[in-house]
2 protein chains.
Amino acid sequence: MQSAKLSSEESVYQRLKNAIRKRYIKQGSQLVEVTLAQQLGVSRTPVRSAIKRLGAEGLVNSIPNRGSFIITPTLKEIEETFLIRAHLEKMAACLTAEKITHDQLIILQELINSETLVFDKNNLDDYFTVNDTLHLKIAEISGNTVLCSYINELLNKTRIYLILNDPFCKREYSPTTEHQTIIDALKKHSPKEAGRAVENHIKSSIEGLETAGTLPEDYLFT
Amino acid sequence: MQSAKLSSEESVYQRLKNAIRKRYIKQGSQLVEVTLAQQLGVSRTPVRSAIKRLGAEGLVNSIPNRGSFIITPTLKEIEETFLIRAHLEKMAACLTAEKITHDQLIILQELINSETLVFDKNNLDDYFTVNDTLHLKIAEISGNTVLCSYINELLNKTRIYLILNDPFCKREYSPTTEHQTIIDALKKHSPKEAGRAVENHIKSSIEGLETAGTLPEDYLFT
DNA sequence: GTTTGAATTATTGTATACAATACCTGTATA
DNA sequence: TATACAGGTATTGTATACAATAATTCAAAC
């Protein structure tokens, strides 16, 4: 799969993004064009545009004539972004509740079921992907394509914020019943309930954020 | 003002964006790197990255190995984008209504006053700018920086959508009382009223969109 | 007349050399 | 000791040549 030959830029872009997701690159790290070019076996040109692309997405902070650095999201930024995500996903859920079909509900249910199957606390990436796919699917059913692409952007951004903010994997995850609550509301075709369920779920997902991202004072000795 | 020397890329970017705003470039136009480079007296490199930047913003549609084209926004896209803008600006207005100060209200009032002064139906660009600045200021006061930057993006996008959709300046504009209604609600510190006022205002701004963008059948003869 | 396919053309994609910029470092000077 | 300045270094910014790609044209074959 995915056999279509990628351009160098596209491939550099994907590898960089993957490196962030897998925590190979930490917040604040500088991305030096020549260095990456050597490591990836290409010239500076595609590396440069891949970095710019990450900059446009808000994952990289570029300082003119100085360099590009992986962002260090602040608590405020993270909270604000989640709040926006909550609003837009609520909006989408309301629309979706009105029009969702039986078949679409089955697909969502299958995604929820696979969540627990895929869950592995030593390799959360797949779990995250299923998780985010569920949210995206709900948005897609709304029929508002633009809304859907904004939500997709926000899903990616919040996911990466949480990863950057938690470089040592201190934060714990586990499948919740909240997704099921959302589906049940959608099944009832109740925009209000579905909207509220989504909103609550997203807002609850930044609980305990303040503590993550920092290490115990004595982390070097334990 | 603005004396800081811009990079070539930045300057190309600004000129292209300005050309769209001023309707010098129409929807669907192809942006050819060498051509623009010659016209602007630079090499392909900065032109290329400026175009990519416009692509990331959704103003340009780039087809790999083929070319880049100014988008042709569909009616659906425009409506969906306005709907999202309405939601987010409503959200901002609610936050702003709670905390806006006397001094901030004065600034907003001055902006409204200047709207009628600046209005000139033969050169709407300044009017648009004041208009959008007012919306942005309300968002800024909310204190949610991320929300503010999303709203800024949406203000730009919807503005350009309307411009591209109305290449022959058929659509008519005139100052309304709706902005005053919003400020009055903010003055009362009523989130509900302010939110509704903003929402209504934005939704009403796509009235009559279906007719613009198309020419009368006999436009060649009149 | 339609189809095939090999030149041709238009345009983007990539590598690379060189220019410009901002920071750092160390030395001379007060 | 503090400061100003000159050189050096790390890195990005720009120009340009060449490679790769995809559409187009047009003639040959059926």
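Each chain gets a letter, A, B and so on, in the order its sequence line appears, and its residues count up from 1.
Defining each end axis of the helix from C/dG1-D/dC30 to C/dA30-D/dT1 as the rotation carrying four pairs' C1' atoms onto the next four, with five pairs an end, the two axes are found to diverge by 0° to 10 degrees.
Legend: ring-ring contact (aromatic ring centres under 6.0 Å, His included) pairs involving residues 131-162 of chain A, not counting sequence neighbours, sorted by first then second residue: A/His135-A/His179, A/His135-A/His201. Pairs engaging residues 144-154 of chain B under the salt bridge (Lys or Arg N to Asp or Glu O under 4.0 Å) rule: B/Glu153-B/Lys157 [sequence neighbours left out]. Sorted by first and then second residue, the salt bridge (Lys or Arg N to Asp or Glu O under 4.0 Å) pairs with a member in residues 57-75 of chain A read A/Lys17-A/Glu57; sequence neighbours excluded.
Partners of B/Gln104 under the side-chain contact (heavy atoms from CB on, under 4.5 Å) rule, at least two apart in sequence or in another chain, are B/Ile100, B/Thr101, B/Ile141. Partners of A/Lys22 under the salt bridge (Lys or Arg N to Asp or Glu O under 4.0 Å) rule, at least two apart in sequence or in another chain, do not exist in this structure. Applying the salt bridge (Lys or Arg N to Asp or Glu O under 4.0 Å) test to A/Glu9 and every residue at least two apart in sequence or in another chain returns A/Arg53, B/Lys52. Applying the side-chain contact (heavy atoms from CB on, under 4.5 Å) rule to A/Pro64 yields no partners; only residues at least two apart in sequence or on another chain are considered.
The number of heavy atoms from other shown groups lying within 6.0 Å of CZ (A/Arg15) does not exceed 12.
Following rounding to the nearest Å, A/Arg66 (CZ) and C/dC23 (C1') show an atom-to-atom distance of 6 Å.
Within the 6.0 Å centre-distance limit, the rings of A/Tyr173 and A/Phe128 are counted as a close aromatic pair.
A heavy atom lying under 4.0 Å from DNA chain D marks the following residues of residues 28-45 of chain A, by number: A/Gln30, A/Leu31, A/Val32, A/Glu33, A/Arg44. Shown for residues 51-58 of chain B: no residue has heavy atoms falling under 4.0 angstrom of DNA chain C.
Looking at A/Gln27 and A/Pro73, their side chains come closer than 4.5 Å, going by heavy atoms from C-beta outward. Side-chain contact between B/Tyr127 and B/Asp120 is absent, with no heavy-atom pair separated by less than 4.5 Å.
Along DNA chain D, the stretch of nucleotides lying under 4.0 Å from any heavy atom of chain B spans, 5' to 3', D/dT14 to D/dA23.
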Atom pairs and distances, side-chain donor-acceptor, residues 39-47 of chain A, under 3.5 Å, sequence neighbours left out:
{"from": "A/Ser43", "atom 1": "OG", "to": "A/Thr45", "atom 2": "N", "distance (Å)": "3.3"}
{"from": "A/Arg44", "atom 1": "NE", "to": "A/Glu33", "atom 2": "OE1", "distance (Å)": "2.9"}
{"from": "A/Arg44", "atom 1": "NH2", "to": "A/Glu33", "atom 2": "OE1", "distance (Å)": "2.8"}

